[in-house]
Amino acid sequence: MINKERLEHRIEALAQIGKTKDGGVTRIALTEEYRQGLDLISEWMQEAGMEVKLDQAGNLIARKEGTVPGLKAVALGSHVDSVGNGGKYDGTVGVIAGIEVAQHIKEEGIPNKRPIEVIAFCEEEGSRFQSGGVFGSRAMTGNLTEEDLNVIDSNGDSRYEVLRNFGLNPDNMAKAIRSGDEFELYLEMHVEQGPILIRENVPVGIVTAITGLSLTEVTFEGESNHVGAIPMDLRYDALLGASETALAVEEIVNKYGGNAVGTAATMDVEPSQVNIIPGKVSTVIDIRDTDLDRREAILHELKKRVKEISERRKLKNEITSKLKANPAKSATHILETMKHKSKELGLKTYEMPSGGGHDAQLMAEITDMAMIFVRSENGSHNPKEFASAEDIKLGTDLLANTAIHYINR
């Protein structure tokens with residue numbers, strides 16, 4: 001049976017690595033804390049009877065072979081890196097639940113015709129290099145470019161250098177690529193990170209689709225000058241252009257509606273000093289939607305608005321696409337299996353899309369996938385993030401029953 005106490009103990013044990021004074025977690029990818037986290041979950045993976053390896057992208061992969069040679073694997077996973085001072089449930093519950101499923105199969109002597117894998121993907125959050133995240137799953141699905149290895153962190157170190165210092169060889173990154181011929185499907189459990197399951201008073205969600213993420217950097221360039229000596233009608237204030245763009249994001253996204261959301265997520269101001277009119281400002285715009293056509297329409301209208309703002313304010317502008325991930329729909333047959341297994345368990349579930357991006361989104365490019373959400377409180381990416389042990393256990397019950405259904409098909 002799924003062991004609720006073991007799940008809870010492991011979540012708390014992992015949360016000690018990178019624990020902050022606020023009770024949160026800072027376990028940024030490819031740091032010493034991240035290595036310690038991988039070492040700990042590697043021990044648990046081996047305890048569950050799995051062989052463990054680290055690929056060249058920093059993904060930790062555990063595998064238990066099946067009894068029938070040549071069959072494709074059922075993979076479970078998520079991530080164990082965090083944002084700065086984040087919560088202890090985001091990502092980690094999916095990896096720990098995957099290990100628990102494997103350990104349940106071992107302890108109960110459940111046969112598995114197919115191999116089963118548990119994957120802890122590297123740098124899902126994107127906190128270190130601020131380049132959109134899901135690095136490990138992008139590597140595994142063959143979606144990396146040379147630019148992805150050249151991005152730098154706040155210390156000025158490139159991802160290439162950081163990977164090498166972690167003991168990996170980024171020149172052999174192609175060895176991390178997996179094909180659809182290797183996987184029967186991919187399942188991921190995650191805390192919801194939003195308020196829907198609380199509102200519906202339901203412990204577990206079945207994810208029907210994952211939103212398509214886009215990150216677009218908009219840079220305005222005007223003229224730095226004296227704030228007192230330059231009249232208002234002779235200013236070329238880059239910050240006003242960026243601020244107007246941030247408000248335009250809200251306006252345009254609200255106009256299109258649906259599941260679309262938009263955020264001006266960052267604002268970098270130069271020279272960012274009192275007494276100086278901002279001469280250059282960059283803002284990263286995050287637009288997400290489960291409808292790809294609608295997301296692209298929003299981006300097209302936003303670009304037109306940036307042009308209009310620049311012309312009216314006599315500013316230069318540059319628009320750069322930093323990352324795009326297509327929306328991903330959960331496989332119908334897995335959704336039907338999850339609904340059937342929920343009924344067998346007597347488990348109340350709620351069908352919903354995911355507004356956050358996940359590694360499952362990339363895995364959907366090479367295999368069938370589906371996700372399970374666990375009810376969580378206080379949002380996410382903060383120390384107050386919370387999910388009860390009982391809800392995590394219920395989600396893991398559904399994960400286990402779904403995985404076991406497929407490993408013997």
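The chain is numbered in sequence order, starting from 1.
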* Can you find a side-chain donor-acceptor pair between S376 and E192 that sits under 3.5 Å? -> no
* **Cationic N near anionic O, under 4.0 Å, R63 to E65** => yes
* Asked: Is it true that E123 and R128 have a side-chain N and a carboxylate O under 4.0 angstrom from each other?
  -> no
* **pair C122-N59: side-chain heavy atoms closer than 4.5 Å** => yes
* Asked: Any donor and acceptor pair, going by atom type alone, linking the side chain of E182 with main-chain N or O of S179 inside 3.5 Å?
  -> yes
* Asked: With side chains defined as the heavy atoms from C-beta onward, is the minimum distance between T349 and M338 less than 4.5 Å?
  -> no
* Using atom types as modelled and distance alone, determine if a side-chain donor or acceptor of D237 lies under 3.5 Å from a backbone N or O of L240. => yes
* Does any non-hydrogen side-chain atom of D359 lie less than 4.5 Å from one of M140? -> no
* Asked: Taking NZ, NE, NH1 and NH2 as the nitrogens, is one of them in E336 or K339 under 4.0 Å from a carboxylate oxygen of the other?
  -> yes
* K88 side, atom NZ; I17 side, atom CD1 - distance, nearest 0.5 Å -> 13.5 Å
* Asked: Should E308 and R312 count as an ion pair when the cut-off is N to O under 4.0 Å?
  -> yes
* Could you go step by step and tell me if S380 and E385 meet the side chain to side chain donor-acceptor pair (under 3.5 Å) rule? -> CA-CA 5 Å; S380 187; E385 170 188 282; 2.5 Å; yes
* Asked: Can you tell me if T20 and D22 form a side-chain donor-acceptor pair at under 3.5 Å?
  -> no
* Roughly how far apart are H79 NE2 and Y34 OH, rounded to 0.5 Å? -> 10.0 Å
* Ignoring hydrogens and geometry, is there a side-chain-to-backbone donor-acceptor pair from S82 to G86 under 3.5 Å? -> no
* Asked: Hey, do the aromatic rings of H358 and Y186 have their centres closer than 6.0 Å?
  -> no
* Would you call D397-K393 a salt bridge at under 4.0 Å N-O? -> yes
* NZ/NE/NH1/NH2 to OD/OE distance under 4.0 Å, R409 and E184 -> no
* Asked: Do side-chain atoms of R294 reach the backbone of Y256 as a donor and acceptor pair under 3.5 angstrom?
  -> no
* Just by distance, do the side chain of R138 and the backbone of G133 share a donor-acceptor pair under 3.5 Å? -> yes
* To do: Salt-bridge test for E47 and K106: reply yes if a basic N is under 4.0 Å from a carboxylate O, no otherwise.
  => no
* **Short side-chain to backbone donor-acceptor contact, R375 and S388, under 3.5 Å** => no
* **Test item: S224 side-chain N/O and G279 main-chain N/O as donor-acceptor pair under 3.5 Å** => yes
* Asked: Just wondering, do F135 and L144 contact through their side chains at under 4.5 Å, heavy atoms?
  -> yes
* With a 4.5 Å heavy-atom cut-off, do R114 and K72 have their side chains touching? -> yes
* Check whether any side-chain heavy atom of V374 sits under 4.5 Å from a side-chain heavy atom of T396, and report yes or no. => no
* Does the side chain of N143 pick up a donor-acceptor pair with the side chain of E365 at under 3.5 Å? -> yes
* Spatial distance of atom NE2 (H405) from atom CD1 (I334) [nearest 0.5 Å] -> 9.5 Å
* To do: For the pair E33 (side chain) and T26 (backbone), establish whether a donor and an acceptor sit closer than 3.5 Å, ignoring hydrogens and angles.
  => no
* Structure fact -> The single option from R178, K64, K53 that satisfies salt bridge (charged side-chain N to carboxylate O under 4.0 Å, His left out) with E117 is R178
* Asked: N408 side chain to K113 main-chain N or O, any donor-acceptor pair under 3.5 Å?
  -> yes
* With a 4.5 Å heavy-atom cut-off, do L60 and S42 have their side chains touching? -> yes
* So, does D153 use its side chain to make a donor-acceptor pair with the main chain of N155 at under 3.5 Å? -> yes
